[in-house]
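Working notes, beginning with the structure itself.
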Amino acid sequence: MIDDLWYKNSVFYCLSVGTYMDANGDGIGDFKGLLRRLDYLQGLGITAIWLMPFQPSPGKDDGYDISDYYGVDPRYGTLGDFVEFTHGCRQRGIRVIIDLVVNHTSDTHPWFREARSSPDSEYRDWYVWADKKPANAGTGMVFPGVQKSTWSRDKEAKAWYFHRFYDFQPDLNTSNPRVQAEILKIMGFWIQLGVSGFRMDAVPFVIATKGAKVRTPVEQYDMLRAFREFLQWRQGNAIILAEANVLPETDMEYFGDDGDRMQMMFNFHVNQHLFYALASADSRSLAKALKATKPRPASAQWGLFLRNHDELDLGRLTKAQRDVVFRNFGPDKNMQLYGRGIRRRLAPMLGGDRRRLELAYSLMCTLPGTPVIRYGDEIGMGDNLALPERNCARTPMQWSTEPHAGFTESDKPCSAIIDKGPYGFEHVNVAKQRRDPGSMLNWTERIIRMRKEVPEIGWGDFRVIATRDPAVLIIRYDWRNNSALFVHNLDERPREVSFAAGLPGDTGKLLVNLLSEDHSQANERDQHRLVIEGYGYRWYRVGGLDYLLKRSDIDTKAGGNAAHPA
Ligand code: NOJ
Ligand code: CA
């Protein structure tokens, strides 16, 4: 069973084909190029790729404005190239999940063209219309400051249409059974071409009621079960990873009480509190966030991430907390976005400080869930704040010191390559870091390998172990008669902490360090005393290295709301 639920103990890597590797020299990354880099990804040790939208699109929202759900944008290759890519992944034991962007289409999609052409069009009801400007047109924008409203008038239709995002992304009427059937068809199509599931875009909006008369949208959670059910009829172990930045109270609505809805969700709640913890050296609100997001079915999993292709949304922190994160990680207005977030990449946010980067990565790999790495973060890539909005953190992958970082042979790359300053490709690139045993890349590879060897994190039950020092976070996982324990010091100064592993008998006496030689032996009162350097981290196995012999076939202590035997 643990091997069927592959996403529970996995390492995801998110990338965009257009900025990864250009094989045909036209300046745009393509599937052929990506295929040639799969050996790199296999070496890094990631087990699944989350591929961002690659379907035909005008590209006004980096592909999140799709004009044909059943194709590959010709700039990236053909459907044939796509299948070569999924096949290449399969041969290397790497799974692929792709974006499923069905809250809206591009306004150039034939469905929308049809729909706007006449009120009698069979596609009219695929979108959300109003005769007059709805009273709430000025509310609910996702990109405040850039997006002016959620309703726009379409001249041709002589009517207003609803768009939760930019005005070129008309919302699909997802309550329409025909639209729902089409969504299933799209999933079925890509499953057939070798993907293992989907990262579903904007899930709360997909399932919300939409319309001019809808004052407070209501989530139709049953839709989630229908999506999942269909997917699993087609392929049993395929998954949906939901993009849903929601409050912990509603998490279970998305997972389903019986684990019958989304297999995975991104943990936005923990993400924000994690950045607050890194900025303030205070782990208390992070610990609270971990507890708040703890309830989930045993078969479900969190996607744990640091940065992604969007802004770091801090909208759920208090104003005081948000200000602390802004001050530390994005003090200039130009680094902030939509009045609620930071648009920088991870390395510049953390001042390029290797200790802090390792700390952040170590946390991402050891908090409850499956880590999701953003391409380029494994080498500490930077951003280009001269680019608008979120594009600053979407520059091409830096492979080498060759021209254009080895990304393309063209002199006109689709997006400028970072070539100046400490993050310029001459300094930060894969080829250089491959040769350096102490590089960020090689460190990341090692930490990924270790993460995969500690399934306790993905599968186990966890508890935060109290210390008197808010700068130190200690978490213990228990699973199948084994335990692992992780210590993180969020502060730049060294700390001394005492704690008990909290296990019965002598079980917690010995902590074996997984990353270095300094193990810890508890004193006669079962207390471990530890001096940990500034921004330090420790990965321990509780007990000796005979843990594999001790591992039981079932988890006899699985408590809580386990919906399936783990
Ligand atoms: C969420 C995606 O992550 C973001 O990049 C996109 O702009 C919106 N959904 C709209 O599709
Ligand atoms: Ca190309």
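Numbering of ligands and ligand atoms starts at 1, following listing order.
Looking at E311 and R344, no side-chain N of the basic residue comes within less than 4.0 Å of a carboxylate O on the acidic one, giving no salt bridge. Between K32 and E84, none of the side-chain N atoms (NZ, or NE/NH1/NH2) sits under 4.0 Å from a carboxylate O, so this pair counts as no salt bridge. A salt bridge does not link D22 to R75: none of the charged nitrogens lies less than 4.0 Å from a carboxylate oxygen. The residues R199 and E243 are annotated as salt-bridged, a charged nitrogen and a carboxylate oxygen being separated by less than 4.0 angstrom. A salt bridge links D62 to R394: one of the charged nitrogens lies within less than 4.0 Å of a carboxylate oxygen.
Contacts between R199 and ligand 1, counted as non-hydrogen atom pairs separated by less than 4.0 Å, involve the side chain only.
Near H104, with a cut-off below 4.0 Å to any heavy atom, the atoms of ligand 1 are 10 (C), 11 (O). Less than 4.0 angstrom separates some heavy atom of R390 from each of these atoms of ligand 1: 4 (C), 5 (O), 6 (C), 7 (O). Atoms of ligand 1 lying under 4.0 Å from at least one heavy atom of F143, given by number and element, are 7 (O). With ligand atoms numbered from 1 in the order given, ligand 1 contributes 6 (C), 7 (O), 10 (C), 11 (O) to contacts under 4.0 Å with heavy atoms of D61. Ligand 1 places these atoms under 4.0 Å from at least one heavy atom of E243: 1 (C), 3 (O).
Judged by distance alone, the side chain of S67 and the main-chain N or O of P56 form a donor-acceptor pair under 3.5 Å. Between the N176 side chain and the N173 main chain, no donor and acceptor come within less than 3.5 Å of each other.
Put simply, T408 stays out of reach of the Ca ion (ligand 2), with no N, O or S atom under 3.0 Å from it. At least one N/O/S atom of I28, whether from backbone or side chain, sits less than 3.0 Å from the Ca ion (ligand 2).
D30 contributes OD2 as its N, O or S atom closest to the Ca ion (ligand 2).
A donor-acceptor contact closer than 3.5 angstrom links the side chains of D61 and Q169.
Not a single N or O atom of Q169, backbone or side chain, sits closer than 3.5 Å to an N or O atom of ligand 1. Checking only distances, D201 does come within under 3.5 Å of ligand 1, N or O to N or O.
Regarding atom 5 (O) of ligand 1, its nearest protein heavy-atom neighbour is D310 OD1, 2.7 Å. The single protein non-hydrogen atom nearest to atom 8 (C) of ligand 1 is F165 CE2, 3.7 Å, given as residue, atom name and distance.
For the pair R95 and W50, the cation-pi test (distance below 6.0 Å, angle within 45°) is failed.
Take the Ca ion (ligand 2) as the corner point: the lines to OD1 of D22 and to OD1 of D26 open at 90°, to the nearest 10 degrees.
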